[in-house]
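It should be emphasised that the depicted structure is a prediction, and the values quoted were computed from it without experimental measurement. Within every chain, numbering begins at 1; the chains are lettered A, B, ... in the order of the sequence lines, protein sequences first and strands thereafter.
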Amino acid sequence: MKKFLTNRDFILFAIIMIGLVAVGFANPLFVTPSSISDVLTDTSILIILALSQMIVILIRAIDLSVASNLALSGMLISLLSTVHPELPVYYFIALSCVIGTVLGVLNGVSIAILKVPFIVTTLGTLSIYRGLIYFVSDGKQVYSNEFSKDFLALIHYKFLSLSFLFWLAVAVFIIIYILLNHTRFGRNLYSLGGNPDAAKYIGINENKYIILAYSISGFFAGLCGYLWVARYSVASTQIAIGFELTVISACVVGGISVMGGVGTVLGCVLGALLIGLIRNALPAVDISQFWQLAISGAIILIAIIINTKTEQRKEKTIMVEN
Amino acid sequence: MKLELKNISKNFHGVKALQNVDFQLKDNSIHALLGENGAGKSTLVKILCGVYQPDSGSIHLNNQEQTISDPAISLSLGISAIHQESVMFDELTVTENIFIGNHLTKSNRLIDWTLMESKTKQLLEELEANIEPNEKIKDLSIAQRHIVQISRSLIHDADIVIMDEPTASLSQKEINELYTIIRNLKKQNKSIIFISHKLDEVMEVCDDFTVLRDGELIKSDIITNTDKDQLITHMAGREVNQIFPKNNVTIENEIFQVRDFYKKTQFKDINFNLRKKEILGFYGLVGSGRTEIMKSIFGITKPDEGDIHFKDQKINIAKPSDAINQGIVYLSEERQQLGMTGLMSVKDNINMAIMERNSQFYIMDTLKEIKNASAMQEKLNIKVSYWSQLTQSLSGGNQQKTVIAKWLSTKPEVLILDEPTKGIDVRSKSAVHEFMGELVGEGMSIIMISSELPEILGMCDRVVVMYKGLIKEILNVKNASSEQIVKLASGES
Amino acid sequence: MSMIPEKPPFKLLDILYKKEFILFVVLVSILIINSNISPYFLDLYNLIDSTFLFSEKAIIALTMTFVIIARQIDLSVASIIAVSSCVLGYTTSLGYDTWLVISLTLLSGGICGAFNGAIITKFAIPSIIVTIGTMSLFRGLAYSFLEDSYYNKFPKLVSNLGGGYLFGYIPYAFLTFIILAIIFAFILHKTSVGKKIYSIGNNPDAAQYTGIAVDKYTFVLFTLNGLFSALAAIFLSGRLSSVRPNIAFGWELEIITMVVLGGVYIYGGSGSILGVVISIFILGMLSFGLGLLNVPGVGIIIFTGLLLILSIGFPSFIQTLRRKNE
């Protein structure tokens, strides 16, 4: 239990709860079950992407291309669905994941094999993948009436009055939790990020892990490609533009250290929830949507400053206090 | 024979790190691998660990030829190394560090944390170590880290355990505990390669020895056939008394004083003075606070309390440039990380600290730069082909000379040297020593941190002995015995 | 005096391996291909006007070069443009004197940059993360200030600077870029300031131990980057004659591409102004040429991204192959 709920995660949880109560006082409608369920649904995609981004950040890298990847995968399956509406929905989901994974592998290969620094690679593919959307779609949008019924139905399925999206995010949370805490692969990610030189001595193949981490990030970006398109019933060149920054902020707020090897899965989810809460609560307390971006920015800054303050490794004690 | 290396050679960019070296490790034995820094010991270890591949030669394990193409293979062959620089994961727990790369799994392939934790607990109890399996490595002492590393090799069921200076920063009590563990390992049918600079302990613990010098095998035999003096001669390649040039200068008045230096958890009650033309040694275990004091003097960190007086005046050093302007410079132990800028030219490195003097209205004067670089090159005999050569491409000794040249360019009066001969070959080492003698002759005062007692005894006039952030005693080297200094440094008297 | 030469003996082959030379060859090829494909390309007026497409970004690319050589990165420049443009529009609407308007605009950029620099140095946080944060913060401030309105009135001088020509031929923005490029090249390659920036980028710890004020330099470089973003904002606002909060969206990536393609190592310590200038022309001429061929902007985006990755990936890939063969 102690391992599950570290101190930092607890504080984050408390902040979310206090925030919820505070917003509730200002606007009681916000804390009704249906409203909270909406917030959770709205935050689900962010949770999934933050969890997959966490894997990349753990090994001291960042994937800036996730939003472009998401948009490209989403557009490709949308275009396919306009031509072949008869195909079953799981086919589209699988295809979206496959496309996303391929795009992720390309990132990984560029970084691990071509040795292009991760910032340059993912900045580059951020443009390339986004540009390819215009290319395949001719700049046109795919509207809700062009999708098949099946394509959009799954997303509105509810269980225990919580949405499919929410349950999917829960499933991804459990999978990533097990992956990072209970498999050799996950633990090796932590060691690689914590001390790359030492990881070499214990026989961890850095290139393999880089490619795998980016593939996982790509896989979930692809999955979210379907989710995003189905949820908003539209595929366009503009979807999720800039969303990679929200994802990274969720990780940072969740205590995933950009210096690698530090961070918990629960913290990451809580970080995403806090960001989701803020995004949804601002309109509820009558703050103009135009303030949203500035406030998110301020929160990222505050979070990283607090992180660094607490994280800054204690100086080794030499002297016995006497 | 447990392990046999035949005719191993390894070159780095034309530098011969190992030349046709043979090495034999018997069953159930503790084998000392000896040599000066840069003799090729660590290259040999890295070949055994699979980090480097030999250019030629063969490795035989239990009389079977093996190729160790990467670290994972080395581990699976039962070779485990306890490194001097900690190859551990600070943010992970003791349990995880012990099982790292080899996590135990349940039948469903998920990690079996309970089993790993109980095994760790059992193992640590056997070693009589007072460490909790759940502690993070960053919270452990250096001795405790060693024990975790040893546990790691025990868990891996290693046949051959390589220990690279395991006692370098331990107190005498901790060292004795370590010896017990090492002897137990031997009883359990394991062979140990023991690297150490402390010849007393080599004579005490080891069964066999091999000496390397400049990448060549010098001597290999059983330990009872030799003695300390012979070993030193093998390692240095000359008579012992020739190593340190005696400097015959008359020491003058006090010019530099540190008063009541205190920094929380780092050091306390630090009072010492330095006289003109004196070499003052600082001796103590790694982590006894020596470097931390110098960093505070040089303005890298701020002490909580304390003053510095220089030439009868209290001076204020808030940042390194203040110290440099006063004529006080600090040459860091970490040459690659803190001393030089490898990807810039030798000329730039030599002139790095005197850019203001070499420029007018910020515009660099290349002629002045080359003039200074040439003067320094001549003085220190730096081997460089052309001025735009990258500093990285120089040998360790010439890199160190370049860093020294950088500091001498500032015309300092107090030179603080932190392990100035660490990791450089014997010849450059004595060049540095000789040069220190010359500098004090010219009127400079030197503070030298060193972990090598012979260096301290050979070069210094007085020595400050430190233990856990406190000055135990300041001794006149002429009247001090090495036993006395070692005892003080390990906190026993 | 010893007779150590400053440089190894001159070999013609060495030039061929220089990044700047390779970039130059690429630039010339683009010019040749473009002029063969489109007869309008080599038209002097067209060429001159094409500089409007990149001059503002190019100005920021110069300070960004300093920032990246010093082992930092600044993702917030485009958002600073948004803030400064708002300040420009707002102070104009208050009826302030032109010079006061311009000063306040520049000041706003400088303050944003100083804010970045202060957080990065004070708390020792990697600049990539800090500027991801301030990128949202600054852009968000512009949004919350302007909401869905816009500014379209600017002092005459500003409009003139943005869209005007010196002697009717040379666009002011381009001229400013060229003059600044020469000054920056001089500072970087000939002065102690430049040498210190290289030294910080190569090994910040060693630089600190050598008495170089690393934090001070970092702070000043970020402040300068903000200041020059504001300068670019003045040209851009004057040219567009309308400012919305989404102005210059995504520019940070294009600017970083200019710098990195120009051979500046993304982790600091090496690179030259000449390389960056050539790379700016490559990207400018490329998009101009593709534009003449009616290739839409996205084609250019894809091409730029590929160029960025391949320009670094290809040489390092060849190097790896060569090492394997040895």
Side-chain angles (χ1 to χ4, degrees), chain A residues 1-4 6-8 58-60 174-175 177-209 255-264 267 307 310-322, chain B residues 46 49-51 70-76 80-81 83 85-93 96-97 99-106 108-113 134 137-139 141-142 152 156 262-269 284-285 287-292 301 466-470 491:
Chain A
M1 198 59 201
K2 200 177 128 204
K3 214 162 102 191
F4 191 76
T6 61
N7 211 9
R8 191 178 190 291
L58 272 184
I59 57 166
R60 300 190 174 187
I174 294 170
I175 291 169
Y177 181 82
I178 292 174
L179 183 77
L180 286 185
N181 291 306
H182 292 283
T183 69
R184 287 187 176 183
F185 173 76
R187 299 320 294 172
N188 287 347
L189 285 173
Y190 273 94
S191 4
L192 188 59
N195 190 344
D197 295 328
K200 223 175 277 164
Y201 279 92
I202 57 168
I204 292 176
N205 181 341
E206 190 177 10
N207 286 348
K208 187 177 111 188
Y209 279 80
I256 317 298
S257 165
V258 286
M259 312 304 274
V262 180
T264 66
N307 275 0
T310 50
E311 207 180 84
Q312 247 150 24
R313 315 236 151 121
K314 283 180 284 176
E315 274 181 278
K316 285 254 158 53
T317 305
I318 288 170
M319 204 174 70
V320 192
E321 288 293 341
N322 45 0
Chain B
K46 282 184 174 154
C49 292
V51 178
D70 71 59
I73 293 179
S74 169
L75 279 179
S76 69
S80 172
H83 294 275
E85 306 108 47
S86 172
V87 281
M88 311 204 75
F89 301 91
D90 280 359
E91 291 289 335
L92 302 181
T93 63
E96 192 153 19
N97 267 279
F99 285 93
I100 199 92
N102 202 14
H103 291 86
L104 300 179
T105 52
K106 294 182 272 201
N108 59 8
R109 302 192 61 193
L110 292 185
I111 290 175
D112 195 337
W113 287 104
N134 267 331
I137 293 296
K138 62 176 174 186
D139 299 325
S141 74
I142 298 175
R152 192 193 278 175
H156 282 289
Y262 166 69
K263 187 170 170 64
K264 201 173 168 231
T265 75
Q266 304 287 303
F267 48 79
K268 192 179 170 184
D269 294 334
L285 301 172
S288 60
R290 307 170 303 178
T291 300
E292 286 71 15
T301 57
M466 293 203 59
Y467 176 70
K468 292 210 168 167
L470 297 169

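- Heavy atoms of other residues, nucleotides or ligands lying less than 6.0 angstrom from NZ of B:K106 number more than 12.
- Here the closest heavy-atom approach between residue A:T183 and residue B:L110 is recorded as CG2-CD2, 3.9 Å.
- Residues B:I100 and A:S191 approach most closely at CD1-OG, 3.5 Å, considering heavy atoms.
- Taking every heavy atom of both residues into account, A:N188 and B:H103 meet most closely at OD1-CE1, 4.3 Å.
- Of the inter-residue distances, the one linking B:D112 atom CG with A:H182 atom NE2 reads 10.5 Å to the nearest 0.5 angstrom.
- Between A:N195 and B:D90, the closest side-chain pair of non-hydrogen atoms is not below 4.5 Å.
- The side-chain hydrogen bond (donor to acceptor under 3.5 Å, both in side chains) test applied to A:R187 returns A:N181, B:E96, not counting sequence neighbours.
- Scanning both residues, A:A198 and B:F89, for their nearest heavy atoms gives CB-CZ, 3.8 Å.
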